[in-house]
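Below is one structure, written out as structure tokens; comments come after it.
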Amino acid sequence: WVHVPEQELFSDLRARYGRVVVVRVWGTPLLLLTDGDDVRQMLDDSPSKLHAGELKLRFFRGLMEGNVGVSHGPHWRRRRELTERCMPSAETLKSAVRGIVDSLDAMPCDASELRERVTQPLACRVVAGGHDLSAVFRALQQTTDNLGSWWQCLVLDRRTLEPEQTAALDAALAKLYREAPADSMVGRLRALQRRGEEPALSEIPHWIFPLSSVCFVGYATPFYSDVD
């Protein structure tokens with residue numbers, strides 16, 4: 001499914017439902033945009049004119065509050081700057097993936113094994129410079145266990161993490177922030193923080209989540225050869 005062209009998907013949806021579709025979720029009206037140009041305009045206007053929605057704010061509560069994905073205004077600009085300057089180059093990322101995949105004795109056969117043997121080690125290497133991220137992975141799993149299904153976050157106003165789980169995650173992130181190597185994403189974040197500025201710890205799980213959860217395109221082939 002990852003090979004479905006974006007414009008083809010948008011065109012099919014637009015032909016079937018129109019340019020804008022009003023969807024109601026438990027009485028709350030949501031707008032589904034089916035035109036790629038509209039989506040791009042929405043993203044360009046975010047987060048100055050358009051703020052993160054209530055569902056997204058609730059989902060990140062207790063897990064990564066205040067990160068760039070739910071920020072706006074000057075706070076967003078600062079968090080965006082930090083994230084961009086901490087990001088590894090495409091070549092660094094390819095090299096990390098290549099090293100992990102080449103060390104495998106057999107290719108993973110399902111998503112769980114891919115996550116355990118490839119994507120989580122990739123996050124550890126790139127984000128944390130090899131430091132243990134088990135506390136962050138555990139917190140990400142706890143969000144799924146706590147919510148059961150996404151609608152509980154919207155309808156029941158449930159927290160993504162319980163207070164004690166958030167405290168454990170914060171302690172693990174603070175330790176990682178202090179100890180991560182200088183050439184890791186966290187190490188670069190530490191070097192970029194201004195004196196007296198509150199450490200942007202909530203960005204760390206925001207980086208780890210997509211790296212450790214993603215299923216790479218074209219996994220059956222040497223996908224790292226030309227994927228940016």
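- Scanning all heavy atoms of the two residues, the minimum distance from Ala172 to Ala135 falls at CB-CB, 3.5 Å.
- By the ring-ring contact (aromatic ring centres under 6.0 Å, His included) test, His72 is found to be paired with His51, residues two or more places apart in sequence or in another chain being considered.
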Between Val22 and Leu30, does the side-chain contact (heavy atoms from CB on, under 4.5 Å) criterion hold? Intermediate values first, please. CA-CA 6 Å; Val22 178; Leu30 305 175; over 6 Å; no
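- Scanning both residues, Leu82 and Gln193, for their nearest heavy atoms gives CD1-NE2, 4.0 Å.
- Separating the CG atom in Leu173 from the CD atom in Glu203 is a distance of 11.0 Å, to the nearest 0.5 Å.
- Closest non-hydrogen pair, Leu57 versus Ala52, comes out as CD1-O, 3.9 Å.
- Side-chain contact, Ser202 with Arg79: a donor N or O sits under 3.5 Å from an acceptor N or O.
- Atom OG of Ser184 and atom CH2 of Trp207 lie 8.5 Å apart (nearest 0.5 Å).
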Would Glu84 and Arg80 count as a salt bridge (charged side-chain N to carboxylate O under 4.0 Å, His left out) if you check the C-alpha gap in whole Å, the side-chain angles of each, and the deciding distance to 0.1 Å? CA-CA 6 Å; Glu84 288 183 348; Arg80 176 75 183 200; 2.8 Å; yes
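- Side-chain contact check for Asp132 and Ser134: at least one donor-acceptor pair (N or O, by modelled atom type) lies under 3.5 Å.
- The neighbour count for Glu198 CD, taken as heavy atoms of other residues, nucleotides or ligands under 6.0 Å away, does not exceed 12.
- Partners of Gln165 under the side chain to side chain contact (heavy atoms under 4.5 Å, CB included) rule, at least two apart in sequence or in another chain, are Gln142, Asn146, Leu161, Glu162.
- Between Val68 and Trp76 the shortest heavy-atom distance is O-CD1, 3.3 Å.
- Between Ser71 and Gly66 the shortest heavy-atom distance is OG-O, 3.1 Å.
- Of all the heavy atoms in Met87 and Met185, the pair that sits closest is SD-CE, 3.7 Å.
- His131 has its side chain within reach of Pro181: a pair of non-hydrogen atoms, C-beta onward, lies under 4.5 Å apart.
- For the pair Leu33 and Val20, the minimum side-chain heavy-atom distance is below 4.5 Å.
- Not counting sequence neighbours, the partners of Asp38 by the salt bridge (charged side-chain N to carboxylate O under 4.0 Å, His left out) test are Arg19.
- The shortest side-chain heavy-atom distance between Arg188 and Pro88 falls under the 4.5 Å cut-off.
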Please evaluate residues Leu176 and Leu133 with respect to the criterion side-chain contact (heavy atoms from CB on, under 4.5 Å), reporting the C-alpha separation (whole Å), side-chain torsions for both, the decisive distance (0.1 Å), and the verdict. CA-CA 8 Å; Leu176 176 62; Leu133 292 179; 3.6 Å; yes
Glu91/Lys94 under side-chain contact (heavy atoms from CB on, under 4.5 Å): CA gap, chis, key distance, verdict: CA-CA 5 Å; Glu91 189 52 47; Lys94 292 177 189 177; 4.2 Å; yes
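- In this structure, CD1 in Ile204 is found 8.0 Å from OH in Tyr177, a value given to the nearest 0.5 Å.
- Note that the CD1 atom of Ile208 and the CG atom of Leu122 stand 11.0 Å from one another [nearest 0.5 Å].
- Rounded to the nearest 0.5 Å, atoms CD (Glu81) and SG (Cys86) are 9.5 Å apart.
- In this structure the side chain of Asp170 never reaches within 4.5 angstrom of the side chain of Leu201, judged on heavy atoms.
- Proximity of Thr119 to Ile100: side-chain heavy atoms (C-beta onward) are nowhere separated by under 4.5 Å.
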Step-by-step side-chain contact (heavy atoms from CB on, under 4.5 Å) determination, Val126 to Thr92: CA-CA 8 Å; Val126 173; Thr92 297; 5.6 Å; no
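- Atom CG of residue Asp35 and atom CE of residue Met42 lie 12.0 Å apart, to the nearest 0.5 angstrom.
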